[in-house]
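Take a look at the structure set out below.
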2 protein chains.
Amino acid sequence: MAAKGKSIKEFFHNRGLKCTPQRLAVLSILEESPKHLSIQEIHRRVKKILPDTGLATIYRTLEILVDLGLVLRVHQGDECQNYVMAPLGHQHPLVCTDCGKVLDFAECPMEDVAQRITEQTGFSVEKHFVQLFGKCRQCQAPL
Amino acid sequence: MAAKGKSIKEFFHNRGLKCTPQRLAVLSILEESPKHLSIQEIHRRVKKILPDTGLATIYRTLEILVDLGLVLRVHQGDECQNYVMAPLGHQHPLVCTDCGKVLDFAECPMEDVAQRITEQTGFSVEKHFVQLFGKCRQCQAPL
DNA sequence: GTTGGTGCAAACGCTTTGCATCCAT
DNA sequence: ATGGATGCAAAGCGTTTGCACCAAC
């Protein structure tokens with residue numbers, strides 16, 4: 001996180017994109033949030049830092065960040081517009097259904113499964129989408 | 001599928017719901033489709049059988065069918081309003097990104113993973129959402 | 001005969017778009 | 001300086017809702 005400022009800037013520049021305060025704000029908000037956020041919530045938080053930010057900018061920014069692979073879109077039942085920072089390696093979200101917090105787990109059993117599916121059905125698996133839901137340690141604890 | 005007509009009817013009645021031609025039409029369309037369908041596509045097909053069917057009915061019907069667990073909502077990238085018949089046992093969809101066809105695979109490695117996650121993090125996994133994407137045998141074949 | 005279901009059309013709300021302005025480079 | 005990014009407001013469009021009528025029970 002320390003040298004992130006510079007590398008992010010380069011990251012944008014290398015792709016012919018500008019590094020704007022709005023984009024940095026969205027990134028920093030997602031980075032600091034343990035749970036996925038809705039577009040509305042992201043907008044609300046960005047406006048605390050940059051009060052004039054329009055909702056359209058949030059939409060445009062998130063689209064770019066998802067394209068860049070920095071941010072992940074999370075689908076949960078009816079809720080299809082939630083976003084989290086993309087984990088660095090290959091990981092999957094572990095979403096707490098109580099508090100909405102998101103952990104990650106790196107272990108991925110899908111490679112093996114994919115292999116077997118290809119052998120059995122001829123279907124070649126190219127990607128997978130996995131999300132786990134449950135209760136985090138705190139939310140399990142009696143209050 | 002033979003004695004389905006009667007059991008479906010009872011299925012609705014047992015829940016205080018009526019068994020209408022529109023609901024049966026949606027079910028039969030989903031049953032006969034190997035791939036998931038969008039709301040618009042379902043509407044189009046229902047109208048071939050019942051020309052006066054309104055779009056609102058499709059929305060209302062799908063919501064009920066999903067609640068009943070008969071139908072599954074599929075999320076694929078930006079497309080969040082696609083529906084397939086729910087597989088009977090515990091299965092996961094295998095979606096072909098070319099033709100949209102959906103196969104199922106019953107093998108589920110998640111139980112083991114869930115166990116290990118609980119041991120390592122204290123997070124208790126209650127459910128999981130898994131979708132695989134790739135190319136089915138036909139779509140891999142050279143044309 | 002009841003009551004839930006349907007069709008229609010209007011309302012709604014989220015998302016996208018056009019355009020003038022601004023600012024990162 | 002200049003082209004991409006932003007803010008604003010309007011347009012667009014998928015989804016939901018209200019209500020009168022209809023049909024399953």
Side-chain angles (χ1 to χ4, degrees), chain A residues 5-27 29 36-68 70-71 73-83, chain B residues 5-27 29 36-68 70-71 73-83:
Chain A
K6 192 187 173 196
S7 57
I8 284 285
K9 198 168 178 178
E10 285 169 359
F11 193 85
F12 281 124
H13 291 175
N14 291 341
R15 288 161 180 76
L17 298 165
K18 288 184 179 169
C19 183
T20 68
Q22 290 86 344
R23 287 174 184 172
L24 291 174
V26 170
L27 276 175
I29 281 162
H36 54 194
L37 300 173
S38 69
I39 295 215
Q40 308 298 333
E41 182 58 27
I42 293 168
H43 185 212
R44 211 171 297 132
R45 297 190 188 191
V46 169
K47 281 203 291 189
K48 285 185 188 167
I49 311 174
L50 303 164
D52 290 336
T53 307
L55 186 48
T57 298
I58 307 296
Y59 277 98
R60 291 187 278 228
T61 300
L62 285 170
E63 192 185 344
I64 288 171
L65 296 178
V66 169
D67 282 353
L68 292 176
L70 292 176
V71 167
R73 183 171 170 181
V74 176
H75 301 256
Q76 190 183 1
D78 286 359
E79 308 280 321
C80 294
Q81 287 278 44
N82 291 85
Y83 297 85
Chain B
K6 193 186 173 198
S7 56
I8 284 284
K9 198 166 177 177
E10 285 169 0
F11 192 86
F12 281 124
H13 291 176
N14 292 341
R15 288 161 181 77
L17 298 166
K18 288 181 182 173
C19 183
T20 69
Q22 291 85 344
R23 288 174 184 172
L24 292 174
V26 170
L27 277 175
I29 281 162
H36 55 193
L37 300 173
S38 69
I39 295 218
Q40 308 298 331
E41 181 59 27
I42 293 168
H43 185 212
R44 213 170 295 132
R45 297 190 188 192
V46 169
K47 280 202 290 188
K48 285 186 188 167
I49 311 174
L50 303 164
D52 289 338
T53 308
L55 187 49
T57 298
I58 306 296
Y59 277 97
R60 290 186 279 228
T61 300
L62 286 170
E63 192 185 347
I64 288 172
L65 296 178
V66 169
D67 281 353
L68 292 176
L70 293 176
V71 167
R73 183 170 171 181
V74 176
H75 302 256
Q76 192 183 1
D78 287 358
E79 308 280 322
C80 295
Q81 286 279 41
N82 292 84
Y83 296 86

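Note that the structure is a prediction, hence the values are computed from the model and not measured. Naming convention: chains lettered A, B, ... in sequence-line order (proteins, then strands); numbering from 1 in each chain.
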*Report the C-alpha distance between A:Ile29 and A:Ile49 in whole Å, list the side-chain angles of each, state the deciding distance to 0.1 Å, and finish with yes or no for side chain to side chain contact (heavy atoms under 4.5 Å, CB included).*
CA-CA 10 Å; A:Ile29 281 162; A:Ile49 311 174; 4.2 Å; yes
*Quick one: list whatever passes side-chain contact (heavy atoms from CB on, under 4.5 Å) with A:Ile64, sequence neighbours left out.*
A:Leu17, A:Arg23, A:Leu68
*For B:Arg60, all residues meeting side chain to side chain donor-acceptor pair (under 3.5 Å), sequence neighbours excluded*: none
*Touch class at under 4.0 angstrom, heavy-atom based, for B:Ile39 against every strand present*: nothing
*asked:* Rounded to the nearest 0.5 Å, what separates atom CD in A:Glu10 from atom CZ in A:Arg15?
replied: 11.0 Å
*Under 4.0 Å between a side-chain N/O of B:Thr20 and OP1 or OP2 of C:dT6, yes or no?*
yes
*Inter-residue atom distance A:His36.NE2 - A:Gln81.CD, 0.5 Å rounding*: 12.5 Å
*Which heavy atom in B:Arg73 sits nearest to a heavy atom in B:Cys80, and how many Å separate them?*
NE-O, 2.8 Å
*Given that A:Leu17 and B:Tyr59 both sit by DNA chain D, which one's nearest nucleotide is further toward the 5' end?*
A:Leu17
*What is the per-nucleotide protein-contact pattern of nucleotides 17-23 of chain C, from the 5' end, where B denotes a base atom under 4.0 Å from a protein heavy atom, S denotes such proximity for sugar-phosphate atoms only, and - denotes neither?*
BB-----
*What is the 5' to 3' range of DNA chain D, first to last nucleotide, that sits under 4.0 Å from any heavy atom of chain B?*
D:dG14 to D:dC25
*Least distance between heavy atoms, A:Ala25 atom then A:Leu50 atom*: CB-CD1, 4.1 Å
*Using a 4.5 Å cut-off on heavy atoms from C-beta on, say whether the side chain of A:Phe11 contacts that of A:Leu70.*
yes
*Can you tell me how far CD1 of B:Ile58 sits from CG of B:Leu65, rounded to the nearest 0.5 angstrom?*
10.0 Å
_Separation of atom CZ in A:Arg15 from atom P in C:dT25, rounded to whole Å_ = 15 Å
*Please work out which residues in residues 40-55 of chain B have a non-hydrogen atom less than 4.0 Å from an atom of DNA chain C and list them by number.*
B:Asp52, B:Thr53, B:Gly54
_Atom-to-atom span, CD of B:Glu63 to C1' of C:dG5 - whole angstrom_ = 14 Å
_Non-hydrogen side-chain atoms of B:Thr61 and B:Leu27 separated by less than 4.5 Å_ = no
*Among residues two or more places apart or on two chains, list those pairs meeting side chain to side chain donor-acceptor pair (under 3.5 Å) that have a residue in residues 38-54 of chain A.*
A:Glu41-A:Arg44, A:Glu41-A:Arg45
